[in-house]
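Notes follow once the structure below has been shown.
Proteins come first, then strands; the chains are lettered A, B, ... in the order of their sequence lines, and each starts at number 1.
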Amino acid sequence: MPYRTDQQEGLVAETVMVTGQNGDPIRAYYARPTASGPVPGVVLIHHAPGWDDWYKEATLRFARRGYAAICPNLYERVGHGTIEDVMVMVRGAGGVPDAQVVADVEASARYLKAAGNSNGKIGVIGTCSGGRHAYLTACQSDQFAAVADLWGGGVVARPEDLNDKRPVSPVDLTPSLNIPLLGIFGNEDRAPTPEQVDQHEAALKQHGQQYEFHRYDGAGHGFFYYDRAAYRQEQAMDGWSKVWAFFEQHLA
Amino acid sequence: MCTNIVEQTPITGAGKGERGWFNMKTALVSYDHPVRLNDEHALNIDFLSDVVGERVAVELDATSARALVAAVTEALRKAEEANAIV
């Protein structure tokens, strides 16, 4: 809802431990409003560069909007160091397994629901590899009420891109999606390309899924990232407005 | 990773990182999102030891990466021609 100057604000943000796949403890950045609940929740799935500042700040942004927000460290198991060092370790390991990510994200949703102030409705959002993970999770989980895929690369994957860690092309799971989807894409992106977004949209239509796609001219990959040259102010502001409206509609 | 294009090879060499010189054991070559270079993707090379944080990172555009490969190949060719490689 629109911000009012007479609004009482307060939030708490901290690192917490979530029990991820196989009972592994993983860190998560957890931010929630101090106002008494019930509140909707959102799980943020970080992008390939890792559990970085942009994601911590996006988590805070959701909390200021009245959501209990949590962003799990999907790279926890490779160890700790600077964001870049961890990203390189993950890159060297060939990425993180899809099944592990889905389990860790579901565990984060359960953490929010168990917090005592939840309205029981949890959304999931991710960008870049996290956008793909968000869609993948949404197609396989019953924990979520809405999903936002922001320029997820690899939702439409070639057979030669599949391996033990990424065994399924997420678009093939489209028949299993049973929650509304928001998609935000830049028309100058190369992963996903506009053609791949077309293929994804065709699958959604074929299976009668509820979705809305917003595709922006003059924007490429990662155009919300204000810390990178890819940032496009006008498109990013409009894209954020779509994110807020979507989650308010489906999680309130 | 968004492209998932990663190659790696064991190497013997030394590199100078943030904490001085170290023995490099692996070269991780990827074509994926760079950290610093202002482009969506780059040819990234990370020279690594077994110690987390001991790393030399390079991010190149594709043209530069190809030029580097050609320069390395040419230098090695001349070294072989001069019988400098034992």
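Contact of B/Q8 with chain A is made through the side chain alone, with heavy-atom distances under 4.5 Å. Both the backbone and the side chain of A/R190 have a heavy atom closer than 4.5 Å to some heavy atom of chain B. Neither the backbone nor the side chain of A/N163 comes within less than 4.5 Å of any heavy atom in chain B. When heavy atoms are compared at a cutoff of 4.5 Å, B/N44 approaches chain A solely by way of its side chain, counted from C-beta outward.
Other residues, nucleotides and ligands place more than 12 heavy atoms under 6.0 Å from the NZ atom of A/K242. Open room surrounds CD on A/E234; 12 or fewer heavy atoms of other groups in view lie less than 6.0 Å from it. Residue A/E14 qualifies as enclosed at atom CD: its count of foreign heavy atoms under 6.0 Å is above 12. Within 6.0 Å of the CD atom in B/E18, the count of heavy atoms belonging to other residues, nucleotides or ligands does not exceed 12.
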| said: Applying side chain to side chain contact (heavy atoms under 4.5 Å, CB included) to B/L48 and A/M89, what does each step give before you reach the verdict? | reply: CA-CA 10 Å; B/L48 307 168; A/M89 286 191 284; over 6 Å; no
| field | From CA spacing to verdict: side chain to side chain contact (heavy atoms under 4.5 Å, CB included), A/V88, B/L28 | value | CA-CA 8 Å; A/V88 169; B/L28 196 65; 3.7 Å; yes
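You'll find the ring centres of A/H47 and B/H33 outside the 6.0 Å limit.
Under the side-chain contact (heavy atoms from CB on, under 4.5 Å) rule, B/V52 has a single partner from A/T82, A/V78, A/D85, which is A/D85.
Counting only distance, with no hydrogens or angles, the side chain of A/R91 and the backbone of B/I5 share no donor-acceptor pair below 3.5 Å.
Side-chain contact between B/E40 and A/E188 is absent, with no heavy atoms from C-beta onward closer than 4.5 Å.
The candidate with the highest count of non-hydrogen atom pairs below 4.5 Å against chain B, out of A/G92, A/G81, A/A191, is A/G92.
In this structure, A/D227 does not pair ionically with B/R36, as no charged nitrogen and carboxylate oxygen lie closer than 4.0 Å.
The distance from the OG atom of A/S129 to the CG atom of B/D32 is 9.0 Å, given to the nearest 0.5 Å. Annotation: the span from A/M87 atom CE to B/D46 atom CG amounts to 7.0 Å, rounded to 0.5 Å.
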